[in-house]
Amino acid sequence: MPIAEIYGPDDFADRPKGQATPTPVAPARSGTLPRPLLEWTGEVERATAPIYERVKHVIPAIEWPLMAPTIHAINQLKRERNAVILAHNYQAPEIFHGVADIGGDSLQLAVEATKVKADIIVQCGVHFMAETSKLLNPDKTVLIPDTRAGCSLAASITGADVRLLREKFPGVPVVAYVNTSAEVKAEVDICCTSSNAVQVVESLNAPRVIFLPDRYLATYVASKTDVKIIAWKGACEVHERFTGEELRAFRDADPSVQIIAHPECPPDVLAEADFTGSTAHMINWVRERRPKRLVMITECSMADNVRAELPDVEMLRPCNLCPHMKRITLANILESLLTLGEEVTIDPALAGRARRSVERMINLKN
Ligand code: 13P
Ligand code: SF4
């Protein structure tokens, strides 16, 4: 079924101006550690050799001596700080395979964040992901290496917009994709990720559901359920750029090629795909099927991370990078661990309400 109705900022005359307010970050704490010497030494070469073995198919040997000293320093500092690094599947291979303790999609990272024992979480992903970790770990220090790592979906809607939608549709439950600010999460009934969106919508047992802010994920969910979906006009600036035409060109070049796509893509793209799923579901699909030639229609670094693990799968890569994810670098992860900046903070009253929406999702039985 197509989505029933769709709204956006222009549809509410009395909408307050402005974008979602990012949650403030606390100033860097005192206790900065001395900067390590970043040199390519025999010790660095030995200590990072097992890591290079994992990424050798995607990082040229000539580049390794430039990255390895920072990777080594980060891994040492993590122990010293009792810190854990969570990395989204879209992080570059030197981060995802080089320094992350836990990698995964948005749902896996949220679930893993509930189990963290370390004192400090360094979130290698975008701001809403760091907020989710903070919501689930209010007593831990959550750091994001660059606070400018935003998301076009999170920026498309405010808490005030959700209140306007609720006034327009009294009694209709509201589901927010996790790609939203804590301020928005505080206004909704439950969160979802692309791994569980259909399940979350159906768990509400309602004939109509407001699903925000991704119009394309909403369209995908509407195609999989009888629940009437009221959507918001948000979109991921990375996935909305793919086109069905681009995918058909890959098929014309090689009819045996397999194409898998993320549900944040427009419907004409998903119509051409052999499989649609969240980043974790896409990775599992590749692990199980091992196609000879594959096109992954999602953020570009994920193809590198999968190829590092499965070099026998040939990746054809229409390369769309997420500029927000790419703000996280080895250099600023090191800086975060040295200075304990930037710490993510969330107003406790708002955090309590936002946490409820995330926990309600996590507690849903499979
Ligand atoms: P998932 O990893 O949950 O599929 O999300 C994709 C995404 O765009 C995160 O920003
Ligand atoms: Fe947001 Fe899209 Fe980047 Fe994910 S890939 S962080 S949805 S802009």
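Given the structure is predicted, the values throughout are model-derived calculations rather than measurements. Counting convention: from 1, in listed order, for ligands and their atoms alike. We use all heavy atoms of the structure for the numbers below, so side chains are in, but hydrogens, waters and symmetry mates are not.
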(message) Under a 4.0 Å threshold between the charged nitrogen and the carboxylate oxygen, would Glu309 count as salt-bridged to Arg287?
(response) yes
(message) I'd like to know if Met302 and Phe275 are part of one continuous hydrophobic network [Ile/Leu/Val/Met/Phe/Trp/Tyr, side-chain heavy atoms within less than 4.5 Å].
(response) yes
(request) Provide, to 0.1 Å, the distance between atom 8 (O) of ligand 1 and the closest protein heavy atom, together with that atom's residue and name. (result) Glu264 OE2, 3.1 Å
(request) Determine, using heavy atoms of His281 and all atoms of ligand 1, whether some pair is separated by less than 4.0 Å. (result) no
(message) Any salt bridge linking Arg35 with Glu335? Criterion: basic side-chain nitrogen under 4.0 Å from a carboxylate oxygen.
(response) yes
(request) Under 4.0 Å from a heavy atom of Asp105: give me the atoms of ligand 1 that qualify, with their elements. (result) 1 (P), 2 (O), 3 (O)
(message) Below 3.5 Å, N or O to N or O, backbone or side chain included: is there any such pair between Ser278 and ligand 1?
(response) no
(message) Applying a heavy-atom cut-off of 4.0 Å, say which part of Asn89 lies close to ligand 1: side chain, backbone, both or neither.
(response) neither
(message) Give me the nearest non-hydrogen protein atom to atom 6 (C) of ligand 1 as residue plus atom name, then the distance to 0.1 Å.
(response) His262 NE2, 3.4 Å
(request) Measure the distance from atom 10 (O) of ligand 1 to every protein heavy atom, then report the residue, atom name and distance (to 0.1 Å) of the closest one. (result) Asn179 ND2, 3.5 Å
(message) Does any part of the side chain of Ile297, heavy atoms only, come nearer than 4.5 Å to the side chain of Ile260, both counted from C-beta?
(response) no
(request) For residues 280-338, pull every pair meeting disulfide (SG to SG under 2.5 Å), keeping only residues two or more places apart or in separate chains. (result) Cys300-Cys319
(message) In this structure, does ligand 1 have an atom that sits under 4.0 Å from one of the heavy atoms of Ser195?
(response) no
(request) May I ask you to decide whether Arg166 forms a salt bridge with Asp189, counting only side-chain N to carboxylate O separations under 4.0 Å? (result) yes
(message) Using a strict threshold of under 4.0 Å (side-chain N to carboxylate O), is an ion pair present between Glu112 and Lys115?
(response) yes
(message) Give me the nearest non-hydrogen protein atom to atom 7 (S) of ligand 2 as residue plus atom name, then the distance to 0.1 Å.
(response) Asn179 ND2, 3.2 Å
(message) I need the full list of disulfide (SG to SG under 2.5 Å) pairs touching residues 80-135, with sequence neighbours left out, sorted by first then second residue.
(response) none
(request) Kindly indicate whether the side chain of Ile190, heavy atoms from C-beta on, has any atom under 4.5 Å from the side chain of Pro173. (result) no
(request) Before giving the answer on ring pair (Phe, Tyr, Trp, His ring centres under 6.0 Å), spell out for Tyr7 and Phe169 the whole-Å C-alpha distance, their side-chain angles and the decisive distance to 0.1 Å. (result) CA-CA 12 Å; Tyr7 295 87; Phe169 298 100; 5.6 Å; yes
(message) Given Met282, His324, Gln108, Met129, identify the one with the heavy atom nearest to atom 9 (C) of ligand 1.
(response) Met129
(message) With respect to Ser106, determine whether any N or O atom, backbone or side chain, lies less than 3.5 Å from an N or O atom of ligand 1.
(response) yes
(message) Regarding Glu314 and Lys292, does a basic nitrogen lie under 4.0 Å from an acidic carboxylate oxygen?
(response) no
(request) Consider ligand 1: state whether an atom of it lies below 4.0 angstrom from any non-hydrogen atom of His88. (result) yes
(request) Output, by chain and residue number, all protein N/O/S atoms separated from atom 3 (Fe) of ligand 2 by less than 2.8 Å. (result) Cys322 SG
Review item, side-chain donor-acceptor pairs of residues 230-242, under 3.5 Å, at least two apart:
{"from": "Trp232", "atom 1": "NE1", "to": "Ser156", "atom 2": "O", "distance (Å)": "3.0"}
{"from": "Lys233", "atom 1": "NZ", "to": "Asp11", "atom 2": "OD2", "distance (Å)": "3.2"}
{"from": "Glu237", "atom 1": "OE1", "to": "His324", "atom 2": "NE2", "distance (Å)": "3.0"}
{"from": "His239", "atom 1": "ND1", "to": "Glu264", "atom 2": "OE1", "distance (Å)": "3.0"}
{"from": "His239", "atom 1": "NE2", "to": "Tyr90", "atom 2": "OH", "distance (Å)": "3.4"}
{"from": "His239", "atom 1": "NE2", "to": "Thr298", "atom 2": "OG1", "distance (Å)": "2.9"}
{"from": "Arg241", "atom 1": "NH1", "to": "Glu237", "atom 2": "O", "distance (Å)": "3.2"}
{"from": "Arg241", "atom 1": "NH2", "to": "Asn320", "atom 2": "OD1", "distance (Å)": "3.4"}

